[in-house]
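Worksheet: one structure, shown below.
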Amino acid sequence: MPKETITPRQQDYSQWYLDIVQNADMADYAEVVRGCIVFKPTGYAIWEAIQRGLDDRIKATGHVNAYFPLLIPRSFLMKEAEHIEGFAPEVAEVTRAGGEDLAEPYVIRPTSETIIGHFYAKWVRSWRDLPLLINQWANVMRWEMRPRPFLRTAEFLWQEGHTVHATEADAERETLMILHDVYGDFMERDMAVPVIKGLKTEREKFAGGLRSYSLEAMMQDYRALQSGTSHNLGQNFARAFNITFTDQQNTIQYAWTTSWGVSTRLIGAMIMVHSDDEGLVVPPRLAPVQVVVVPIYKNDTERSSVLQAVEQVTADWAGRLRFKVDDRPNLTPGFKYNEWELKGIPVRVELGPRDVQQQNVAVARRDIPGREGKQIVPQAGLTAYLETLLTTIQQVLYDRALRFREDHTYTIQRFDELADAVERGFARCYWAGSSEDEQRIQSDLKATIRVIPLEQPGTAGTCILTGKETTQQVIFGRAY
RNA sequence: CGGGGCGUGGCGCAGACUGGUAGCGCACCGCGUUUGGGACGCGGGGGUCGUGGGUUCAAAUCCCUCCGCCCCGACCA
């Protein structure tokens with residue numbers, strides 16, 4: 001019995017991931033362009049679903065979309081000292097065009113704070129212009145040393161929101177609102193990926209920003225994936241680009257800006273959180289195809305009666321279920337079962353002569369792979385049954401991921417427990433150490449403070465390193 | 001950028017040490033039999049052996065150059 005080769009997770013997690021990407025037909029290596037990938041239709045469809053989920057929320061919270069240039073004058077990047085320091089190593093430049101060397105090279109945007117800042121300076125005059133709430137869907141480029149499909153590629157797709165506010169409090173409110181109501185809500189509800197929301201440490205915050213918040217998810221190899229970030233940029237970029245406004249008292253003030261983004265990395269998160277050794281698992285709310293129907297027949301007579309039954313059964317699915325009928329000839333049903341399992345379709349409906357006879361169908365759920373997840377269901381009421389099943393699967397995936405994270409999160413009291421904890425998951429502990437202490441831990445244990453969770457116990461404890469009394473707990477982990 | 005591996009039909013590989021003009025599996029095409037967990041038989045098509053140079057009567061094979069990709073590490077959404 002030939003089997004597609006997916007390396008088991010236990011054996012080699014990193015290879016498992018690449019096998020899933022490859023075998024589920026998500027992406028192709030762009031062999032001719034270093035560090036880039038081709039999003040194949042299956043992978044791109046996931047991105048489109050992500051875009052829809054986010055775009056709806058972004059607009060529902062009062063933002064509008066716009067688009068800024070891909071190329072940024074190099075000098076723009078220089079205007080914010082910390083920003084250029086953070087991004088310089090990974091920017092690509094265009095130095096020649098139209099057959100001649102450019103007087104000033106352009107950089108290909110690694111992010112758009114600077115060019116957007118330039119325009120915001122023109123657009124913002126009065127407090128009445130604020131808040132300015134704009135989002136853009138774009139590609140960006142960061143010349144990464146070590147690319148991996150979806151998780152880290154030289155060119156990637158994302159959305160970046162850029163807003164301007166009159167007060168620090170407004171900017172902070174925006175930053176947190178995005179974190180909770182847009183990113184958190186989307187990831188947990190649509191992607192079924194539980195996240196820990198919190199503040200980044202100084203070392204890990206956005207280059208040039210005031211403070212950064214992020215959403216961290218745990219992958220099945222216990223490593224943390226930063227799945228989204230929301231930055232309060234303070235007045236740093238307003239000063240660098242002269243974004244000012246006249247307030248009600250007729251005094252000119254620097255504005256407060258924010259930026260926030262999530263990228264195609266989310267596809268990697270989806271894969272690594274939910275998939276198994278049989279292949280990809282796509283959560284129903286995100287799935288471009290939620291239900292695949294596999295008709296079974298031996299001859300033309302059976303074929304027509306089976307396809308007729310399929311027609312009847314699926315008659316009221318449009319608008320309620322996203323589905324497709326796999327009537328490719330000359331492929332055995334068994335082959336199709338395995339293929340759709342590999343591709344992560346949440347539910348499979350099998351319909352053969354026996355089912356026509358008995359007014360049943362066989363329903364297989366992807367969250368329970370193989371025959372175990374299969375049961376016989378009457379055709380009557382099937383649509384409602386499937387809708388419920390999809391909801392159930394969505395919930396099961398979320399619960400499973402949450403339990404996994406909780407089972408692998410260790411609350412520790414002593415520093416000597418840290419090494420072992422980050423080996424097997426997240427370590428949660430009181431922390432009052434310095435950036436230098438973090439640096440040392442990163443060198444020694446390859447672990448970093450992923451986030452300072454917004455949810456804190458509210459009671460004081462002892463820092464695992466310094467022994468100081470503190471109320472702040474942090475999450476240590478190894479990161480992607 | 002350091003360490004390792006690899007470039008041969010679409011994919012995965014063998015052939016290389018010992019030079020003689022390219023082969024296997026899967027996929028693909030045709031016909032027939034099949035079809036409830038990855039079907040089978042027969043027939044067929046498809047390869048500038050990553051690039052450039054060198055050695056040789058002769059190079060996938062030996063030598064040199066360059067390019068690319070993957071993996072592992074330091075940097076990152």
Side-chain angles (χ1 to χ4, degrees), chain A residues 1-5 12 14-15 17-19 22-23 25 28-37 85-91 110-111 140-160 183 200 203-204 206-207 212 214-217 224-231 259-269 278-279 294-300 302-303 306 327-342 348-358 360-362 364 369-374 376 442-443 446 448 479-480:
Chain A
M1 202 171 287
K3 237 196 160 186
E4 292 293 338
T5 42
D12 183 347
S14 156
Q15 190 58 48
Y17 175 78
L18 294 168
D19 287 348
Q22 202 71 217
N23 289 307
D25 218 23
D28 203 356
Y29 290 109
E31 339 170 273
V32 289
V33 189
R34 201 208 89 112
C36 294
I37 59 168
E85 199 190 322
F87 282 101
E90 53 191 30
V91 297
T111 180
V140 290
M141 177 160 273
R142 298 180 189 177
W143 211 252
E144 298 291 353
M145 287 316 187
R146 199 179 146 203
R148 307 187 73 194
F150 300 120
L151 298 176
R152 197 184 309 100
T153 48
E155 180 187 7
F156 58 93
L157 309 179
W158 77 345
Q159 58 68 218
E160 46 180 325
Y183 295 160
K200 282 292 189 185
R203 291 187 68 236
E204 302 255 334
F206 179 76
S212 293
S214 80
L215 305 96
E216 303 282 331
L225 186 74
Q226 178 172 303
S227 306
T229 46
S230 185
H231 315 291
S259 72
W260 28 274
V262 301
S263 71
T264 36
R265 170 178 268 195
L266 284 181
I267 300 172
E278 310 303 317
V294 178
I296 302 157
Y297 46 80
K298 291 192 189 12
N299 50 52
D300 279 354
E302 286 185 358
R303 185 184 132 89
V306 164
D327 59 353
R328 289 174 297 173
N330 299 330
L331 286 178
T332 62
F335 181 89
K336 294 177 183 178
Y337 301 166
N338 285 287
E339 175 163 294
W340 293 119
E341 215 154 86
L342 176 64
R348 185 178 68 246
V349 170
E350 306 165 9
L351 205 162
R354 257 192 342 248
D355 306 298
V356 173
Q357 198 59 230
Q358 296 162 16
N360 288 329
V361 297
R371 286 199 182 80
E372 295 73 38
K374 211 142 108 167
I376 304 298
Q442 179 170 8
S443 309
K446 292 182 207 151
T448 46
Y480 267 98

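Throughout, protein chains are lettered first and strands after them, A, B, ... in sequence-line order, and every chain is numbered starting at 1. In this text, all values refer to a predicted model and were calculated from it rather than measured experimentally.
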Fill in the blank from the handout: Residue set satisfying ring pair (Phe, Tyr, Trp, His ring centres under 6.0 Å) with A:Phe150, at least two apart, ordered chain then number -> A:Phe39
With both distances under 3.5 Å as the test, what is the Watson-Crick or G-U wobble partner of [N]?
{"N": "B:G2", "result": "B:C72"}
{"N": "B:C49", "result": "none"}
{"N": "B:C11", "result": "B:G25"}
{"N": "B:A39", "result": "B:U33"}

Distance, [atom1] atom - from [M] to [N], rounded to whole angstrom:
{"N": "B:C17", "M": "B:A60", "atom1": "C1'", "answer": "14 Å"}
{"N": "B:G44", "M": "B:A27", "atom1": "C1'", "answer": "14 Å"}
{"N": "B:G50", "M": "B:U61", "atom1": "P", "answer": "8 Å"}
{"N": "B:G3", "M": "B:G19", "atom1": "C1'", "answer": "33 Å"}
{"N": "B:U8", "M": "B:G4", "atom1": "C1'", "answer": "22 Å"}
{"N": "B:U21", "M": "B:A59", "atom1": "P", "answer": "12 Å"}
{"N": "B:U35", "M": "B:G43", "atom1": "P", "answer": "24 Å"}
{"N": "B:G45", "M": "B:G68", "atom1": "P", "answer": "38 Å"}

Just call it for [X]: base, sugar-phosphate, or nothing, with non-hydrogen atoms closer than 4.0 Å on any strand.
{"X": "A:Pro329", "answer": "nothing"}
{"X": "A:Leu151", "answer": "base"}
{"X": "A:Gly370", "answer": "base"}
{"X": "A:Gln226", "answer": "sugar-phosphate"}
{"X": "A:Gly261", "answer": "nothing"}
{"X": "A:Glu341", "answer": "base"}
{"X": "A:Ala479", "answer": "nothing"}
{"X": "A:Thr153", "answer": "base"}
{"X": "A:Ser227", "answer": "nothing"}

Practice task
Indicate whether A:Phe156 forms a stack on B:A77; treat it as stacked only if centroid distance is below 5.5 angstrom and interplanar angle below 30 degrees.
Solution key: yes
Report the residues that fulfil side chain to side chain contact (heavy atoms under 4.5 Å, CB included) with [X], sequence neighbours left out, ordered by chain and then residue number.
{"X": "A:Glu144", "result": "A:Glu90, A:Arg142, A:Arg152"}
{"X": "A:Pro369", "result": "A:Asp276, A:Glu278, A:Glu341, A:Arg366"}
{"X": "A:Glu85", "result": "none"}
{"X": "A:Ser212", "result": "A:Lys200, A:Lys205, A:Phe206, A:His231"}

Do [X] and [N] share a donor-acceptor pair, side chain to base, under 3.5 Å?
{"X": "A:Lys374", "N": "B:G37", "value": "yes"}
{"X": "A:Glu339", "N": "B:G38", "value": "no"}
{"X": "A:Arg152", "N": "B:C76", "value": "yes"}
{"X": "A:Arg348", "N": "B:G37", "value": "yes"}

Completion exercise
Result for 5'-nearest mapping on RNA chain B, choosing between A:Ser14 and A:Lys336, is A:Lys336
Minimum-distance nucleotide (side-chain atoms of [X] versus [options]):
{"X": "A:Leu18", "options": "B:G36, B:A77, B:C70", "value": "B:C70"}
{"X": "A:Pro333", "options": "B:G36, B:C71, B:A77", "value": "B:G36"}
{"X": "A:Phe335", "options": "B:G36, B:C76, B:A39", "value": "B:A39"}

Using atom [atom1] of [X] as one end and atom [atom2] of [N] as the other, report the distance to the nearest whole Å.
{"X": "A:Glu90", "N": "B:A74", "atom1": "CD", "atom2": "P", "value": "16 Å"}
{"X": "A:Leu266", "N": "B:A77", "atom1": "CG", "atom2": "P", "value": "14 Å"}
{"X": "A:Asp28", "N": "B:C69", "atom1": "CG", "atom2": "P", "value": "13 Å"}
{"X": "A:Trp260", "N": "B:A77", "atom1": "CH2", "atom2": "P", "value": "18 Å"}
{"X": "A:Leu342", "N": "B:G37", "atom1": "CG", "atom2": "C1'", "value": "14 Å"}
{"X": "A:Asp19", "N": "B:C11", "atom1": "CG", "atom2": "C1'", "value": "13 Å"}
{"X": "A:Leu157", "N": "B:A77", "atom1": "CG", "atom2": "P", "value": "17 Å"}
{"X": "A:Asp25", "N": "B:C11", "atom1": "CG", "atom2": "P", "value": "13 Å"}

Exercise for the section: Using the salt bridge (charged side-chain N to carboxylate O under 4.0 Å, His left out) rule, pick out the option among A:Lys374, A:Lys336, A:Arg371 that qualifies with A:Glu350. Expected result: A:Lys374
Exercise for the section: To the nearest 0.5 Å, tell me how far A:Arg354 CZ sits from A:Ile376 CD1. Expected result: 7.0 Å
Fill in the blank from the handout: d(A:Leu266 CG, A:Leu157 CG) to nearest 0.5 Å is 11.5 Å
Handout entry: pair A:Ser227-A:Val262: side-chain heavy atoms closer than 4.5 Å
Key = no
Handout entry: Six-ring centre of A:Tyr337, A:Arg348 cation under 6.0 angstrom, axis tolerance 45°
Key = yes
Handout entry: Presence of A:Gln442 side-chain N/O under 4.0 Å of B:C75 phosphate oxygens OP1/OP2
Key = yes
Practice task
Look at atom CZ of A:Arg148 and say whether more than 12 heavy atoms of other residues, nucleotides or ligands are closer to it than 6.0 Å.
Solution key: yes
Taking only N/O atoms, report every protein-nucleotides 32-34 of chain B pair under 3.5 Å with atom names and distance.
unit_1, atom_1, unit_2, atom_2, d
B:U34, O4, A:Asn330, OD1, 3.2

